[in-house]
Protein chains: 2
Amino acid sequence: MAATMADVARVARVSKKTVSNYFNGYRYMTADTRSRIEAAIVELNYKLNLSARSLSSGRTGTIALAIPEIAHPYFAELAEAVVSAAQRRGMSVVVEVTAGQHDQELSVLRGTRGRSVDGLIAHPIALGASDIDSATVDIPVVLVGDRVHSGPFDFVTVANEQGAYDMTRFLFEHGRRRIVALGMEESPVPTAAAQRFDGFRRAHHDAGVEMVPELLVGPIPWNRLSGAEAIARAIDAGLEFDAVFGLNDAIALGAMAELQRQGLTIPGDIAVAGFDDVEEAALAFPPLTTVDSGREWIAETAVNRLVELIEVGASEEVPTVTVASHSVKYRASV
Amino acid sequence: MAATMADVARVARVSKKTVSNYFNGYRYMTADTRSRIEAAIVELNYKLNLSARSLSSGRTGTIALAIPEIAHPYFAELAEAVVSAAQRRGMSVVVEVTAGQHDQELSVLRGTRGRSVDGLIAHPIALGASDIDSATVDIPVVLVGDRVHSGPFDFVTVANEQGAYDMTRFLFEHGRRRIVALGMEESPVPTAAAQRFDGFRRAHHDAGVEMVPELLVGPIPWNRLSGAEAIARAIDAGLEFDAVFGLNDAIALGAMAELQRQGLTIPGDIAVAGFDDVEEAALAFPPLTTVDSGREWIAETAVNRLVELIEVGASEEVPTVTVASHSVKYRASV
DNA sequence: GTGAAAGCGCTAACAA
DNA sequence: TTGTTAGCGCTTTCAC
């Protein structure tokens with residue numbers, strides 16, 4: 001039988017409440033009391049029963065992170081950042097995988113799934129604005145990711161448009177003029193792809209560079225293989241270009257590999273740029289110039305905001321939308 | 001104020017116990033009772049309070065997964081597999097990141113860290129056998145990974161030696177004779193690298209092929225960049241070889257990229273093989289031949305075993321060691 | 001098949 | 001600064 005707080009209290013010759021105070025960082029306690037308690041804890045190998053604490057305090061000390069998958073570089077790195085930010089604030093993280101399925105994302109936002117947690121950070125990719133309005137979770141929620149939803153929740157988002165704008169301008173500054181946009185997508189819904197493409201377009205406009213329709217390739221799946229195949233088709237079609245902007249790093253890395261396979265040099269013949277700054281970007285050959293979309297900052301901000309909401313009780317706070325700061329990571333591929 | 005079970009009972013005109021039965025899948029219940037309970041649950045938007053359930057049942061329905069990092073393809077994929085295996089068994093997963101730090105891994109095994117969970121799956125990389133003996137967790141534990149420890153815990157492990165053996169034989173069968181072993185390590189401790197190298201050596205012996213010392217490269221860090229640099233050095237040194245066996249996929253992928261950059265064709269000039277079968281292996285150019293080390297199976301087995309231990313109470317069960325089945329994934333790089 | 005009562009181990013008022 | 005007293009909401013006997 002595991003020791004309880006009452007046992008500790010008895011051994012330390014204090015009351016349960018005093019032991020409880022000890023665990024909750026109550027400051028006013030004589031050194032003698034404190035050390036008696038500590039000795040008792042060691043003697044009994046006592047561990048707080050967190051279920052009991054949760055029941056009685058209404059807090060679990062755990063937050064949920066709902067993402068489409070873990071085994072994708074971007075989400076894996078996001079999850080890592082969230083877990084470590086949470087760890088720093090003394091919280092644990094339960095990871096829920098939604099597989100990017102509409103119904104699973106919805107059930108997360110309706111609270112019909114998963115454990116009881118104090119708050120939720122979710123990165124939906126299949127939900128529309130109306131879905132989000134229909135959410136019925138009764139805990140604080142911070143949404144994270146690419147798409148800007150209206151809705152009752154806080155949102156921490158990537159600077160998709162501005163990031164793509166900056167990168168495009170950057171390529172112009174390096175003398176490139178005919179840039180293939182790989183993964184481009186025009187859509188009424190502000191998907192990440194659409195927003196990034198908007199930035200690409202605006203940069204052309206501002207720089208007075210004509211945007212060549214043939215160079216706009218997409219939509220394609222956001223993975224390495226698609227990037228390689230798409231650029232291969234572009235070459236086969238006889239397109240002329242001096243740069244490739246993959247709308248995420250996976251696409252860019254795939255394209256870069258294929259260009260090299262075909263004997264082109266990078267950045268000699270073609271400059272290549274990506275978006276996200278996944279860890280692999282810096283390890284590629286050559287290292288990939290990309291947009292650091294602020295993953296770490298997003299994770300940190302989302303966790304901090306969530307903890308705030310949990311502490312104030314999420315009451316009548318007005319939902320905030322925060323856009324992560326971003327920056328161009330200049331590496332040898334440009 | 002959230003509804004409680006007593007509210008549901010009142011509205012459904014049954015006792016609390018009956019509602020509890022409903023949630024615990026108790027089978028004997030009239031259809032009428034059941035539907036009254038269901039109506040009450042909907043009416044009150046009732047949700048089970050899991051903290052209370054945990055306190056009273058002694059189960060949390062959550063297991064912890066302790067891994068060195070999330071943002072590494074192998075661990076990300078392992079985590080994904082564990083989460084989905086656990087989900088299938090109705091369990092949630094709290095992910096703890098140990099950063100491969102000795103003290104953090106130790107504190108996980110001492111139970112001085114993290115939430116209260118029903119069981120623990122840990123993949124230690126910095127612990128020695130004596131550390132493991134000194135563990136004091138009072139919940140069931142299943143260890144997972146590369147190194148075979150003795151110790152009081154169940155272990156689910158990768159077939160490092162046999163996998164490397166099979167892959168080496170496979171390369172021989174494809175006519176290769178001078179194979180660079182990239183990431184080789186000889187060590188008294190049975191690290192993954194050392195075990196894989198053992199298999200490499202045994203395959204040479206059994207096939208009667210001489211193992212050329214110059215072709216044994218390592219130890220090197222197990223990432224892409226090291227793989228590329230190491231193979232570049234081998235080429236600079238004028239080594240002659242017809243195949244490269246990266247002791248994990250990252251090394252192999254880095255080497256493959258570098259070989260191609262230097263104008264060699266794969267598998268025409270050089271065959272390349274890896275170990276782990278991370279998702280990216282199949283998407284590389286050319287797709288990478290590798291050893292499927294049974295990650296999914298390991299995750300599934302570890303979760304199943306853990307759930308078993310939780311259910312029987314971990315009592316005096318003898319710890320078991322299970323070696324995952326593995327297979328050579330034949331792809332275009334050989 | 002269903003009900004009543006007794007805790008699980010902790011926190012939170014409030015008192016001392 | 002420390003102690004007392006009630007619960008938190010559920011599961012679990014055991015009786016009906």
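Note on naming: letters A, B, ... go to the chains in the order of the sequence lines (proteins, then strands), and numbering restarts at 1 for each one.
Residues from residues 30-38 of chain B lying near DNA chain D, meaning a heavy-atom separation below 4.0 Å, are absent.
In this structure, a donor-acceptor pair under 3.5 Å is present between the side chains of B/N24 and B/R53. Donor-acceptor pairing under 3.5 Å is lacking for the side chains of B/H326 and B/D292.
Computed from coordinates, the B/R10 CZ to D/dC10 C1' distance equals 16 Å when rounded to whole Å. C/dC8 atom C1' lies 4 Å from atom CG of B/L55, rounded to whole Å. Atoms CG (B/D7) and P (D/dC8) sit 11 Å apart, rounded to a whole Å.
Between A/D154 and A/R305 a salt bridge is recorded (basic side-chain N to carboxylate O distance below 4.0 Å).
Applying the side chain to side chain donor-acceptor pair (under 3.5 Å) test between B/S84 and each of B/E80, B/R88, B/Q87 identifies B/R88 as the sole match.
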### Query
Step by step, would you call A/L106 with A/Q104 a side chain to side chain contact (heavy atoms under 4.5 Å, CB included)?
CA-CA 5 Å; A/L106 210 53; A/Q104 293 200 53; over 6 Å; no
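Mapped onto DNA chain C by nearest heavy atom, A/S51 and B/T18 fall at different nucleotides, with B/T18 at the one closer to the 5' end.
Checked by atom type and distance alone, the side chain of A/E105 never pairs as donor or acceptor with a backbone atom of A/T98 at under 3.5 Å.
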### Per-nucleotide protein contact string for nucleotides 10-16 of chain C (B base, S sugar-phosphate only, - none; heavy atom under 4.0 Å)
BBBB---
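Residues B/L78 and B/H123 approach most closely at CD2-ND1, 4.0 Å, considering heavy atoms.
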Taking distance alone, no hydrogens or angles, what donor-acceptor pairs closer than 3.5 Å link side-chain atoms of residues 42-50 of chain A to residues at least two apart or in another chain?
residue : atom : partner : partner atom : Å
A/N49   : OD1  : A/S51   : N            : 2.8
A/N49   : OD1  : A/A52   : N            : 2.9

